[in-house]
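For reference, the structure is listed below as structure tokens.
These numbers come from a predicted model, not from an experiment. Both counts, for ligands and for their atoms, begin at 1 and track the order of listing.
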Amino acid sequence: MRKSIATVCLSGSLTEKLTAAARAGFDGVELFENDLLASPLPPEEIRSRAADLGLSIDLYQPMRDVEAVPEEQFVRTLRRARRKFDVMRRLGTDTLLVCSSVSPYAVDDDALAAGQLSQLADVARDFGIRIAYEALAWGRYVSTYGHAWRIVEQAGHPSLGVCLDSFHILSRGSDPKGIEDIPGEKIFFLQLADASLPAMDVLQWSRHHRCFPGQGGLDVTSLVRHVVNAGYRGPLSLEVFNDVFRQAGAASTAVDALRSLIALEESAGISPLPAPVVPYGVAFAELATADPQPVTELLGALGFRRTGRHAAKPVELWEQGEARIVLNHAGTTRREGTALAALGLESPDPGAAARRAESLLAPVLPRRRDAQDTPLDAIAAPDGTEMFFCATRRPEHPDWTEDFPPCAQPAQAETATRGTITGIDHVALTQPWHHFDEAVLFHRAVLELRPHESVDLADPYGLLRSRALSDDTAGLRLVLNLAPDPEAQDGTRAQHIALATDDIIATGLRLLTAGAGLLEIPANYYDDLDARYEFAPGELDTYRALGILYDRDEHGGEFRHLYTATVGRVFFELVQRTGGYRGYGAVNASVRLAAQRR
Ligand SMILES: O=C(O)c1ccc(O)c(O)c1
Ligand SMILES: [Mg+2]
């Protein structure tokens, strides 16, 4: 279907908004009146710029407080409407959105509403214009789509139809099934938005916390199915009021927006995409470092061994169990010290995974970083992290580990005790504030990961918003964090790699013996644990000594985890899950964050 976006979704001047929408690949826009009023360009100029960019102006909006008002007020409305119809003619747009009245002078009288909307539609018809009537969730008397449709039906005017807005319908908990009772040709326009849950006052929720479909908690997909079943064939148009998108760059917001419609068309069964290819897990995490010594010491203390060295570049492979760290000495600035630069995702079909990502507008990176490297399909995530779709030592695919010929081991590493680290449990990526919702949708759509509820974690100097995504068999887990202060030079900017261990105590002891810095957890935390749970004799003393944190879920699943000191922008978490524990120890986050602040 045609895809449009309301100018209110994007930041900047009207020209910037139009350019961003066109570059992303939209077909049209809804022009918000405020964007027109604030623009120095005459309507004819806006019309021709849009046309030059390949954009139609699909809707002009909003006109307010039209219906069910006293006669003298309605006369003024008609006068204003004639002027607006003239502007719309100059803009080359033929549909005007009218929101249901919020006027204190409005009355609860459907016949009056239908009569006045019909008179407005009469005038509109002379200009070749159609009126799309939308029920605002907070409308004075008309707040549901069913009520708006009854009034439109009663008016029976060919130039009057309804505008459906997924936010107003779903925020009120209306059943979208009834949409199928509206004739498709009377649905003049469809506006789509999702929103985060839980709800708040509906007007504030609508004006500040809408997001693109797939980023929030509303079932926009089913609503679209009902609208298409009703016979609607107009554009799918995004109308999102969001405080973050108002400030973020219009170009990236527009791409994020179009991605949400592409994913929505797939989920609603309108147009298919290449099938999702769910990764098995993390094949490797790549750390770029300007200062390798602290991080190699830490990897050694964790029991990793340097198993390979790139033939041509200062890049090393470190391994333990299925956990692999690529250490790139050439890849970052001094200021960063050490940072997570890339993730390898173990993929059943790397090529197919890349094609799906590309169909969802993921930026595709060159398949080889250098001429001699194994070709790998790669994309950039919204935060800039490079994501490689790869296969590790699977004969049917190019093997990335072949870029790392084995290197001689120092003697003591050969005799080291069995490693207790088995793989990478999850990776936590700190997101820039304006890419958080975008990143959720990106990973959900591209990797078919299921977003968990967003949680707000108390940090001593702010809040850390955190949202995990995983697949149902939990082969791959990503945690997206939104730091209170992304510029800060402390733990809140850090990315972290959580390593799975089958023996957290042995791992902790090994770190302690090696003299590696462990995060110090206050005694008060252990006094509280002691008050909440019963432990075996001595168990809690071990946790105290090693800084192990503990959580238990309602099914008796247990989670034990500890943290290393932070190196550059990176730290490691060691996690041991037992009894089917699926969470991330969120209850312990504030204690951990405070310790990292110290
Ligand atoms: O918040 C508003 O006033 C408003 C205006 C126009 C719309 O289409 C809408 O959904 C909300
Ligand atoms: Mg709307």
TODO: Among all protein heavy atoms, pick the one closest to atom 11 (C) of ligand 1 and tell me residue, atom and distance.
DONE: L136 CD2, 3.6 Å
- [ ] Go through the steps to decide whether R49 and D52 satisfy the test salt bridge (Lys or Arg N to Asp or Glu O under 4.0 Å), and finish with yes or no.
- [x] CA-CA 5 Å; R49 287 225 184 164; D52 289 346; over 6 Å; no
TODO: Decide, yes or no, whether a salt bridge links R76 with E72 under the criterion of side-chain N to carboxylate O below 4.0 Å.
DONE: no
TODO: Give the residue, atom name and distance (to 0.1 Å) of the protein heavy atom nearest atom 10 (O) of ligand 1.
DONE: H168 NE2, 2.7 Å
Open item on the list: Please verify the inter-ring angle class for F212 with F245; under 30° counts as parallel, over 60° as perpendicular, anything in between as tilted.
Closed with: parallel
TODO: Considering non-hydrogen atoms only, spot the tightest contact between A193 and V220 and give its length.
DONE: O-CG2, 3.5 Å
- [ ] For atom 6 (C) of ligand 1, find the nearest protein heavy atom and state the residue, atom name and distance (0.1 Å precision).
- [x] Q61 OE1, 3.0 Å
TODO: Check which protein N, O or S atoms are less than 2.8 Å from the Mg ion (ligand 2) and report how many there are.
DONE: 4
TODO: Identify whether the distance between the nearest side-chain nitrogen and carboxylate oxygen of R465 and D437 falls below 4.0 Å.
DONE: yes
Task: Side chain, backbone, both or neither: L203 near ligand 1, heavy atoms under 4.0 Å - done: neither
TODO: Considering non-hydrogen atoms only, spot the tightest contact between A353 and F389 and give its length.
DONE: CB-CD2, 3.6 Å
Task: Distance from atom 7 (C) of ligand 1 to nearest protein heavy atom, with residue and atom - done: E239 OE2, 2.9 Å
Open item on the list: Within the structure, is a non-hydrogen atom of W138 found at a distance of less than 4.0 Å from ligand 1?
Closed with: yes
Task: R210, portion touching ligand 1 at heavy-atom distance under 4.0 Å - done: side chain
- [ ] Do me a favour and list the nearest non-hydrogen protein atom to atom 1 (O) of ligand 1 with residue, atom name and distance?
- [x] R207 NE, 2.6 Å
- [ ] Determine whether the side chain, the backbone, both or neither of S206 has a heavy atom under 4.0 Å from any heavy atom of ligand 1.
- [x] neither
Task: Electrostatic pair K186-E153, nearest N-O below 4.0 angstrom - done: no
Open item on the list: Just checking F167 against F241, ring centres under 6.0 Å apart?
Closed with: no
Open item on the list: Using a 4.0 Å cutoff against the non-hydrogen atoms of C99, which atoms of ligand 1 qualify?
Closed with: 5 (C), 6 (C)
Open item on the list: Within the 4.0 Å heavy-atom shell around Q191, which atoms of ligand 1 are there?
Closed with: 8 (O)
Task: Nearest heavy atoms of P104 and R140, plus distance in Å - done: O-NH1, 2.9 Å
- [ ] Any side chain to side chain donor-acceptor pair (under 3.5 Å) involving residues 20-37? Give me the pairs, sequence neighbours left out, ordered by first then second residue.
- [x] T7-D35, K17-D35, E30-Q61, E30-Q191, E30-S237, E33-Y60, E33-K84
- [ ] Would you check if there is a donor-acceptor pair between the side chains of R210 and S206 at a distance under 3.5 Å?
- [x] yes
